[in-house]
Trainee: 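Let me begin by handing over the structure; questions about it come next.
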Amino acid sequence: MENGTLCRVYDLLLDELGPQHWWPADTAFEVVIGALLTQQTKWTNVEKTIIGLKKNNLHEVQTLADADIELLKELVRSCGFYRQKASRLKEIASFFAEQGIENVFSMPMEGLRNTMLSLKGVGNETADVIVLYAANKPKFVIDAYTRRMMKCIGIEGNYMQLQRMFETELPEDIDIYKEYHALIVEYSKAYCGRKRCDECILKELNENGH
DNA sequence: CACCAGGTTGACC
DNA sequence: GGTCAACATGGT
């Protein structure tokens, strides 16, 4: 790409893993569902729930908004925090049903982000996942893996600071943002914590000495 | 058996 | 502005 540190990291990760083609979902609204469900849990748990939702025809905006809450809790159980997640899913679906999903996704980016943040259960990361992967607008997603990986190469900050760094240094490109976040997650899952830091492909960038 | 996972919230300083 | 316990199941 270009020659800042964050561009270099992107090139190294892409070279190591190849393109990831995220977010795994059939529809934009399914991205919203997945974004909420995957909070603090593994994607395999989310897959079970999404399959169950589809089996019960609850993966559409209106049917999910009208879903029986007890059935929803059962279906969401494998994702953890299932009481909260079930009711929040319903509320979010109701919001999209009332507003019209296309009207929501076609809002200007900052307005959309703030609107998502106003929904219960949607914080910075989930809002940005929706903005980037469902509404297809250039917002860089920060998560725990991103923070950890950046800390390893000597870059720290709060959510908005880290996001600003990525968005300032990288070209404003939706596909790069999508791919970059995916690469960080997949690389971290596969290598960090198991492999030692001195085997990390980012070690040449390490300014912390570990 | 202990610990963590692609996080958010509300209470507190 | 930052920190902390709750929230809960499933996999090492």
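The figures that follow rest on heavy atoms only: side chains count, while hydrogens, waters and symmetry mates do not. Since the model is a prediction, treat every value here as computed from it, not as a measurement. Letters A, B, ... are given to chains in the order of the sequence lines, protein chains preceding strands, and every chain is numbered from 1.
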Trainee: Tell me, which pairs form a salt bridge (Lys or Arg N to Asp or Glu O under 4.0 Å) where one or both residues lie in residues 21-36 of chain A, sequence neighbours left out?
Mentor: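 Qualifying pairs: Asp26(A)-Lys54(A), Glu30(A)-Lys54(A).
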Trainee: Between dG10(C), dT9(B), dG7(B), which nucleotide has the shortest distance from any of its atoms to the side chain of Asp143(A)?
Mentor: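 That would be dG7(B).
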Trainee: Any Lys/Arg nitrogen of Arg8(A) or Glu204(A) sitting under 4.0 Å from an Asp/Glu carboxylate oxygen of the other?
Mentor: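 Here Arg8(A) pairs with Glu204(A) in a salt bridge, since their nearest N and O are under 4.0 Å apart.
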Trainee: For a quick test of reading the model: is some side-chain N or O of Arg147(A) closer than 4.0 Å to OP1 or OP2 of dG7(B)?
Mentor: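 Answer no for this pair, as no side-chain N or O of Arg147(A) is under 4.0 Å from OP1 or OP2.
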Trainee: Without placing hydrogens or testing angles, list every side-chain donor-acceptor pair under 3.5 Å for residues 117-136 of chain A, not counting sequence neighbours.
Mentor:
unit_1: Ser118(A); atom_1: OG; unit_2: Thr115(A); atom_2: O; d: 2.6
unit_1: Asn124(A); atom_1: OD1; unit_2: Arg113(A); atom_2: NH2; d: 3.0
unit_1: Thr126(A); atom_1: OG1; unit_2: Gln39(A); atom_2: NE2; d: 2.9
unit_1: Asp128(A); atom_1: OD1; unit_2: Arg113(A); atom_2: NE; d: 2.6
unit_1: Asp128(A); atom_1: OD1; unit_2: Arg113(A); atom_2: NH2; d: 3.4
unit_1: Asp128(A); atom_1: OD2; unit_2: Arg113(A); atom_2: NH2; d: 3.0
unit_1: Asp128(A); atom_1: OD2; unit_2: Tyr159(A); atom_2: OH; d: 2.6
unit_1: Asp128(A); atom_1: OD2; unit_2: Gln163(A); atom_2: NE2; d: 2.9
unit_1: Tyr133(A); atom_1: OH; unit_2: Lys178(A); atom_2: O; d: 2.7
unit_1: Asn136(A); atom_1: OD1; unit_2: Lys178(A); atom_2: NZ; d: 2.5

Trainee: Rounded to whole Å, please give me the gap between CD in Glu74(A) and C1' in dA8(C).
Mentor: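 These atoms are roughly 16 Å apart.
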Trainee: Measure from NZ on Lys85(A) to P on dT9(B) and round the result to the nearest Å.
Mentor: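 Atom NZ in Lys85(A) sits about 13 Å away from atom P in dT9(B).
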Trainee: Have a look at Ile142(A) and say if it touches a base, only the backbone sugar-phosphate, or nothing, with a 4.0 Å heavy-atom cut-off.
Mentor: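 No contact.
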Trainee: To the nearest Å, give me how far apart CZ (Arg88(A)) and C1' (dA6(C)) are.
Mentor: 11 Å
Trainee: Under 4.0 Å: is that the gap between some side-chain N or O of Thr126(A) and OP1 or OP2 of dT8(B)?
Mentor: yes
Trainee: Whole angstroms only, please: what is the CD-P distance between Gln40(A) and dC3(B)?
Mentor: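 So the two atoms are 15 Å apart, to the nearest Å.
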Trainee: Return the set of residues passing ring-ring contact (aromatic ring centres under 6.0 Å, His included) with Phe96(A) (not counting sequence neighbours), or none when no residue passes.
Mentor: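 Only Phe29(A), Phe105(A) meet the ring-ring contact (aromatic ring centres under 6.0 Å, His included) criterion with Phe96(A).
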Trainee: State which of dG2(C), dT8(B), dG11(C) makes the closest approach to the side chain of Lys48(A).
Mentor: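 Nearest to the side chain of Lys48(A) among the choices is dG11(C).
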Trainee: Distance check, P atoms only: dA8(C) and dC1(B), in whole angstrom units.
Mentor: 22 Å
Trainee: Which whole-number value in Å describes the distance from Leu162(A) CG to dG2(C) P?
Mentor: 11 Å
Trainee: To the nearest Å, how far apart are Lys120(A) NZ and dC7(C) C1'?
Mentor: 14 Å
Trainee: Leu36(A) CG to dA5(B) P: how many Å, rounded?
Mentor: 19 Å
Trainee: If you take any heavy atom closer than 4.0 Å to DNA chain C, which residues from residues 77-84 of chain A end up in contact?
Mentor: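 Within residues 77-84 of chain A, the residues near DNA chain C are Arg77(A), Ser78(A), Gly80(A), Phe81(A), Tyr82(A), Arg83(A), Gln84(A).
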Trainee: Residues in salt bridge (charged side-chain N to carboxylate O under 4.0 Å, His left out) with Lys85(A), at least two apart?
Mentor: none
Trainee: Is any NZ, NE, NH1 or NH2 atom of the basic residue among Arg77(A) and Glu74(A) found under 4.0 Å from an Asp or Glu carboxylate oxygen of the other?
Mentor: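 Salt bridge flag = no for Glu74(A) with Arg77(A).
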Trainee: Can you name the residues that form a salt bridge (charged side-chain N to carboxylate O under 4.0 Å, His left out) with Asp15(A), not counting sequence neighbours?
Mentor: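 Here no residue qualifies.
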Trainee: Need one value for Val122(A): base, sugar-phosphate or nothing, where a base atom within 4.0 Å counts as base even if backbone is also close, heavy atoms only.
Mentor: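 Sugar-phosphate only.
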Trainee: If the cut-off is 4.0 Å, is Asn158(A) near the phosphate of dG2(C), judged by side-chain N/O to OP1 or OP2?
Mentor: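 For Asn158(A), the contact criterion (side-chain N or O under 4.0 Å from OP1 or OP2 of dG2(C)) is met.
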Trainee: Could you check how far CZ of Arg113(A) sits from C1' of dT8(B), rounded to whole Å?
Mentor: 14 Å
Trainee: Lys73(A) near the nucleic acid: base, sugar-phosphate alone, or nothing, with a heavy-atom cut-off under 4.0 Å?
Mentor: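 Counting heavy atoms under 4.0 Å across all strands, no contact is made by Lys73(A).
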